[in-house]
Amino acid sequence: MIDDGNVKSDELITDETGREEIHSKAVRAGKRTYFFDVKATRKNDYYLTITESKKRFNRDGKFFYEKHKLFLYKEDFDKFADSLTEIIEFIRMANPQPIEIEEEEHEHRVNNENQVKVPADKEKDFTNVEFEDLGEEGA
């Protein structure tokens with residue numbers, strides 16, 4: 001059972017391959033969700049799967065989830081963690097720019113900022129409409 005992105009340790013979930021999920025963490029990041037799942041082999045050896053899931057749409061408008069999965073085994077944990085930490089530090093030092101917002105959110109903000117704001121006292125009253133300028137009846 002997933003609770004706030006975590007699998008409760010006393011409730012094991014079996015996936016489609018028959019592997020038990022020992023622990024799980026979901027991280028929502030914009031349009032993507034990352035799943036960190038600890039699973040056990042048949043010999044009860046733990047390993048990690050990292051899944052990136054992104055909602056996509058077909059041409060007919062129906063959605064599906066595009067998934068990419070990495071398998072990380074215990075013997076590689078230290079190398080992976082060290083390299084990940086090193087590369088993140090490199091990026092932060094070499095390119096210390098603010099995090100950019102998603103393109104869709106950016107377009108929404110730009111569109112809202114470009115709208116002309118009319119002060120409330122200058123707004124036209126569209127509830128009082130007169131039709132005198134349309135011509136006379138029977139003309």
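Within a 6.0 Å sphere centred on CG of Asp78, other residues, nucleotides and ligands contribute 12 heavy atoms or fewer.
At a threshold of 4.5 Å between non-hydrogen side-chain atoms, the residues Ile22 and Tyr46 count as touching. Contact of the Lys39 side chain with the Thr49 side chain is registered, since non-hydrogen atoms from C-beta on lie closer than 4.5 Å. Residues Leu72 and Phe77 have side chains in contact (heavy-atom distance under 4.5 Å, counting atoms from C-beta outward). You'll find the side chain of Asp45 reaches within 4.5 Å of the side chain of Lys74, heavy atoms only.
Residues Phe80 and Phe71 fall into different hydrophobic clusters, defined by Ile, Leu, Val, Met, Phe, Trp and Tyr side chains chained together at heavy-atom separations under 4.5 Å. Hydrophobic clustering of Ile, Leu, Val, Met, Phe, Trp and Tyr side chains at less than 4.5 Å, counting indirect connections, keeps Phe35 apart from Leu70. Cluster membership for Leu84 and Ile50, using ILVMFWY side-chain heavy atoms within less than 4.5 angstrom, is shared.
The CG atom of Leu48 sits 7.5 Å away from the CZ atom of Phe36 when rounded to the nearest 0.5 Å. To the nearest 0.5 Å, atoms OG (Ser53) and NZ (Lys31) are separated by 14.0 Å.
Remark: Tyr73 pairs with Tyr47 by the ring pair (Phe, Tyr, Trp, His ring centres under 6.0 Å) rule, at least two apart or across chains. Under the salt bridge (Lys or Arg N to Asp or Glu O under 4.0 Å) criterion, Lys79 pairs with no residue at all, not counting sequence neighbours.
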Under 3.5 Å, side-chain donor or acceptor atoms of residues 57-68 against the rest of the protein: list the pairs with distances, not counting sequence neighbours.
{"residue": "Asp60", "atom": "OD1", "partner": "Lys62", "partner atom": "N", "Å": "3.1"}
{"residue": "His68", "atom": "ND1", "partner": "Glu52", "partner atom": "OE1", "Å": "3.1"}

